[in-house]
Amino acid sequence: MSDTVLQLLNVESAYGPIKAIRGVSLKVRQGEIATVLGSNGAGKTTILKTISGIIDPRKGSIEFRGQNITAKDPAYIVQQGLSHVPEGREVFPLLSVRDNLLMGAYTRKDRDGVARDIETVYGYFPILKERAAQDAGLLSGGQQQMLAISRAIMAAPQLILLDEPSLGLSPKLTKEIFEIVVRINRERGTTILLVEQNANMALNASDYGYVLENGRIVIEDTCERLREKEDIKEFYLGLKDDGVRGERRWKKKKTWR
Ligand SMILES: Nc1ncnc2c1ncn2[C@@H]1O[C@H](COP(=O)(O)OP(=O)(O)OP(=O)(O)O)[C@@H](O)[C@H]1O
Ligand SMILES: [Mg+2]
């Protein structure tokens with residue numbers, strides 16, 4: 001049996017005349033954390049939206065656990081075991097923290113499993129337990145990120161798509177969130193596809209990486225090898241700073257390999 005959970009072949013997506021991704025092929029293997037790295041506007045969010053059915057691709061195909069999910073309904077794709085944590089979190093602000101978590105589990109019938117998973121996410125993020133009865137809209141940005149990730153876990157998915165969890169967070173909080181993402185992967189065996197501008201954090205947390213530029217994948221390798229390649233680090237990933245969004249310098253490509 002194949003160990004490939006998700007496979008994109010030559011996927012193209014556009015917004016009207018604007019081609020956002022141009023023939024993206026990638027694979028996510030069972031049990032790994034895979035990452036797509038790229039600067040503003042590279043097409044990272046578009047890849048995730050196309051996988052989860054929010055955008056229909058113009059070309060190409062997407063297979064999830066051996067099944068063709070290209071352009072299927074987002075609700076159907078969630079039911080197949082794929083959860084998407086969107087960029088900018090998108091929690092339900094007027095629902096309590098606990099109700100947000102239960103929304104994540106709305107398709108599940110195993111009440112005991114749901115109760116257990118709520119305790120698990122409270123273990124990962126104790127602040128969510130403290131704030132369980134409070135409206136989610138009152139949480140800080142970092143706490144909302146924790147809630148959005150936790151809500152995805154509540155669906156008990158096979159694969160989580162994670163869109164820039166570091167967005168707007170301090171380096172310290174970003175580090176904490178990444179540690180939990182790695183624990184979710186290791187402890188629950190959940191496969192994760194993470195897109196990030198924060199190359200430092202993503203390369204350290206992930207097993208396999210793709211670098212996206214202008215809607216195309218320009219390199220892929222194990223993260224171990226990507227971390228070692230000086231030219232990639234310098235020209236694509238801007239890794240001469242501390243990796244904080246906003247301070248990162250995405251340099252123009254001068255040479256390739
Ligand atoms: N709703 C939209 N309508 C028109 N163009 C869009 C839309 N959303 C994204 N785009 C364009 O598609 C391209 C890819 O955008 P996308 O949001 O996928 O990039 P990204 O890599 O996620 O960037 P960021 O790191 O800033 O989140 C960009 O050129 C962007 O301007
Ligand atoms: Mg984005």
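Atoms within each ligand, like the ligands themselves, are counted from 1 in listed order. Values below: all heavy atoms of this structure, side chains included; hydrogens, waters and symmetry mates excluded.
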So, do Tyr122 and Leu101 sit near enough that their side-chain heavy atoms are less than 4.5 Å apart? yes
Taking the non-hydrogen atoms of Gly16, is any one of them nearer than 4.0 angstrom to ligand 1? no
Decide yes or no for Glu90 and Val85: does some side-chain heavy atom of the first lie under 4.5 Å from some side-chain heavy atom of the second? no
Closest non-hydrogen atoms of Ile192 and Val28, given as atom of the first, atom of the second and distance, are O-CG1, 4.3 Å
Atom of Lys129, atom of Glu119 and distance for their closest heavy-atom approach: NZ-OE1, 3.7 Å
Does any N or O atom in Ile18 lie less than 3.5 angstrom from one in ligand 1, N or O only? no
Would you say Glu164 touches ligand 1, if touching means a heavy atom closer than 4.0 Å? yes
Give yes if a backbone or side-chain nitrogen or oxygen of Ala20 is under 3.5 Å from a nitrogen or oxygen of ligand 1, and no if not. no
For Asn214, what residues pass the side chain to side chain contact (heavy atoms under 4.5 Å, CB included) criterion, not counting sequence neighbours? none
Exam field: side chain Asn185 to backbone Gly31, donor-acceptor pair closer than 3.5 Å: yes
Search all heavy atoms of Asp117 against all heavy atoms of Ala156 and return the closest pair with its distance. OD2-CB, 4.4 Å
Find all atoms of ligand 1 within a distance of less than 4.0 Å from any non-hydrogen atom belonging to Thr46, and give their numbers and elements. 14 (C), 15 (O), 16 (P), 18 (O)
Which protein atoms of type N, O or S are found under 2.8 Å from the Mg ion (ligand 2)? Thr45 OG1, Glu87 OE2
Test your reading of the model: is there a side-chain donor-acceptor pair from Glu196 to the backbone of Asn198, 3.5 Å cut-off? yes
As an exercise, identify every atom of ligand 1 less than 4.0 angstrom from a heavy atom of Thr45. 17 (O), 18 (O), 20 (P), 22 (O), 27 (O)
Check whether any heavy atom of Gly38 sits under 4.0 Å from an atom of ligand 1. no
Do other residues, nucleotides or ligands put more than 12 heavy atoms under 6.0 Å from the CZ atom of Arg98? no
Of all heavy-atom pairs between Leu6 and Leu82, which one has the smallest distance, and what is that distance? CD1-CD1, 4.5 Å
Which atoms of ligand 1 are found less than 4.0 Å from any heavy atom of Gly43? 14 (C), 16 (P), 18 (O), 19 (O), 20 (P), 21 (O)
Run the numbers for me: atoms of ligand 1, each under 4.0 Å from some heavy atom of Gln197, listed by number. 25 (O)
